[in-house]
Amino acid sequence: MKVYNTLTRKKEELIPLKEGEIKMYSCGPTVYNYFHIGNARPFIMFDLLRRYLEYRGYKVKFVQNFTDIDDKVIKKANDENTTYNEIAERYIKEYFTDAEGLKIKKADVHPRASENIDEIIDIVKTLVDKGYAYEAGGDVYFRTRAFKEYGKLSHQNLDELEAGARVDVREHKEDPMDFALWKAAKPGEPFWHSPWGDGRPGWHIECSAMARKYLGETIDIHSGGVDLCFPHHENEIAQSECANGKPFAHYWLHNAFLNIDNQKMSKSLGNFFTVRDAAEAYGYDAIRFFMVSAHYRTPLNYSKESLEQAQAALARINAALSNLRFLSEKGAEGEMRPAEKTSFEGFGKYRDSFCEAMDDDLNSADAVAVIFELIREVNTLCAEKDVTKVYAEEALKMVTELCSVLSIGETETDDIGNDIKQLIEKRQQARKEKNYAEADRIRDELKARGIVLEDTPQGVKAHRVK
Ligand code: AMP
Ligand code: ZN
């Protein structure tokens, strides 16, 4: 597989540190609010990368942090007259509700900054001892000039950066480009004891400390939104490489922005929709489909139309899956017909094209297109009334396999629940007994529950419409 590495600005072959294993760290949310559709992009797309690597047989260890100590969390806590911990707990719970809806798998570890203070102090101490950091007025700063490679990720030069840097008179820095590793306690803020007095960690250091603790000094993949490239990831590299004396991450992957009216969706601009609200309007599945159907490095515009398109496309996939499930039970007995056999023997080429797209820097847009080609072919053969059970079963397996890698479409075998199946049978019985009023009543009840019935040569077929 090739991935675009921000560090080298090239698509490179992904070669793991240890054969067959991938260590991956992704920057997670700051937990002071519901997360928005923009935040959902890295969460979904790097979940997709992880799932695809697993599909290709890699053992992936995936870590995604929660930033629970931060100005915004503290402000929210003070506004609500509660603790930062209470705010973090609340929004971590909400994160998992939305993540589950979006079919984002839980990370192997979801560490929190507040639970890793010892590790954070430890790495800051190392940096101070090695001369890469200094204490000033109870704060500790990273001495940016001491790291010769500073700027290598965002391809910027320290002198140019410095020329544009803003000097804040309240800070005790030696140099405007230095950044805080540890911040002295301020009234009304949570604090921990440290060799430099009471205080709390800066933001960048938590990722260096937690990546090292849970994945080791050098990892394979580090990812996040493109806005994190500078300064956050640049600073993570400086901290980790100076503390450990080793490369930090081999591959740096950044997703492009999710925009609204061609402007970055962000909490600070106020132009955001939470995943919770968008899911209310369009469903979680449509949001995931919308993200997955675009390449992660292409800017993506959020609009009512694009979400409605995603819903419609997803409905086509779900209709195909539901039809195949139905035909796997009700199709003709016996061996595949010649046209089915040819189609079945060609399924492998869809899998190959799917993987070829995904191997090319996770081109999920093309991978989705491959699924639609496969569905088109399968639908054509399934439209014939003598379609066989065995063909439908094989086609179902193939479509399910590819959809499962992307986690799109209703791939569970039992999407029409048992109580619904019983209602369908009751309706059939009522019809047999010519009790049409009862049959119609049941049909309406099913409709109210989002199930419509269709009479086909193979019998009654149920579709879920919402
Ligand atoms: P935050 O909670 O702000 O630290 O962001 C969590 C993740 O969402 C980071 O990886 C950000 O880079 C990413 N992110 C924030 N806004 C957007 C956006 N509009 N489009 C894509 N990614 C974003
Ligand atoms: Zn980070």
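Please read these numbers as outputs of a predicted model, since none were measured by experiment. Order of appearance sets the numbers: ligands from 1, and atoms from 1 within every ligand.
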### Message
Is the ring pair His232/Trp203 parallel, tilted or perpendicular, if the boundaries are 30 and 60 degrees?
### Response
parallel
### Query
Which protein heavy atom lies closest to atom 20 (N) of ligand 1, and at what distance to 0.1 Å?
Leu258 N, 2.7 Å
### Query
For ligand 1, is there an N or O atom under 3.5 Å from any N or O atom of Asn39?
yes
#### Entry: Ala256 and ligand 1 - part of the residue with a heavy-atom distance under 4.0 Å
backbone
### Whether Phe273 and Tyr302 hold their rings parallel, tilted or perpendicular, with breakpoints at 30° and 60°
tilted
### Ligand-side contact atoms (ligand 1) for residue partner Asn255, heavy atom cut-off under 4.0 Å
21 (C), 22 (N)
### Query
So which of the N, O or S atoms of Glu236 lies nearest the Zn ion (ligand 2)?
OE2
### Summary
Of Asn259, Thr30, Val226, Ile37, the one whose closest heavy atom lies nearest atom 4 (O) of ligand 1 is Thr30
### Criterion side-chain contact (heavy atoms from CB on, under 4.5 Å) on Val226 and Phe257, from CA distance to verdict
CA-CA 7 Å; Val226 68; Phe257 285 141; 3.8 Å; yes
### Query
Is the cationic atom of Lys103 (NZ for Lys, CZ for Arg) positioned less than 6.0 Å from the six-membered ring centroid of Tyr284 and within 45 degrees of its normal?
no
### Task
Could you name the option among Cys229, Gly225, Gly38, Ser268 that has the heavy atom nearest to atom 23 (C) of ligand 1?
Gly38
### Task
For Lys130, look at atom NZ and say whether over 12 heavy atoms of other residues, nucleotides or ligands are found less than 6.0 Å away.
yes
### is_close_aromatic(Tyr282, Phe290), centroid dist under 6.0 Å
no
### Query
Strictly under 6.0 Å, is that where the ring centroids of Phe179 and Tyr141 end up?
no
### Atoms of ligand 1, numbered as shown, that sit under 4.0 Å from any heavy atom of His36
16 (N)
### Message
Need the ligand 1 atom indices (1-based, order shown) with element for anything under 4.0 Å from a heavy-atom of Pro42.
### Response
7 (C), 8 (O), 10 (O), 13 (C), 22 (N)
#### Entry: Tyr91 ring center within less than 6.0 Å of Tyr32 ring center
no
### Query
Counting heavy atoms only, which of Ile260, Leu300, Leu228, Leu269 is nearest atom 9 (C) of ligand 1?
Leu228
### Query
Is Cys27 close enough to the Zn ion (ligand 2) to have an N, O or S atom under 2.8 Å?
yes
### Query
Is the Zn ion (ligand 2) less than 2.8 Å from an N/O/S atom of His233, whether that atom is in the backbone or a side chain?
no
### Query
By number and element, which atoms of ligand 1 are closer than 4.0 Å to a non-hydrogen atom of Pro29?
2 (O)
#### Entry: Minimum-distance protein heavy atom relative to atom 11 (C) of ligand 1
Asp227 OD1, 3.5 Å
### Message
Under 4.0 Å between a side-chain nitrogen and a carboxylate oxygen: does that hold for Lys213 and Glu115?
### Response
no
#### Entry: His110-Phe96 aromatic ring centre distance below 6.0 Å
yes
#### Entry: Residue, atom name and distance, where the atom is the protein heavy atom closest to atom 19 (N) of ligand 1
Met265 O, 2.8 Å
### Query
Which bit of Lys267 gets closer than 4.0 Å to ligand 1, counting heavy atoms only: side chain, backbone, both or neither?
neither
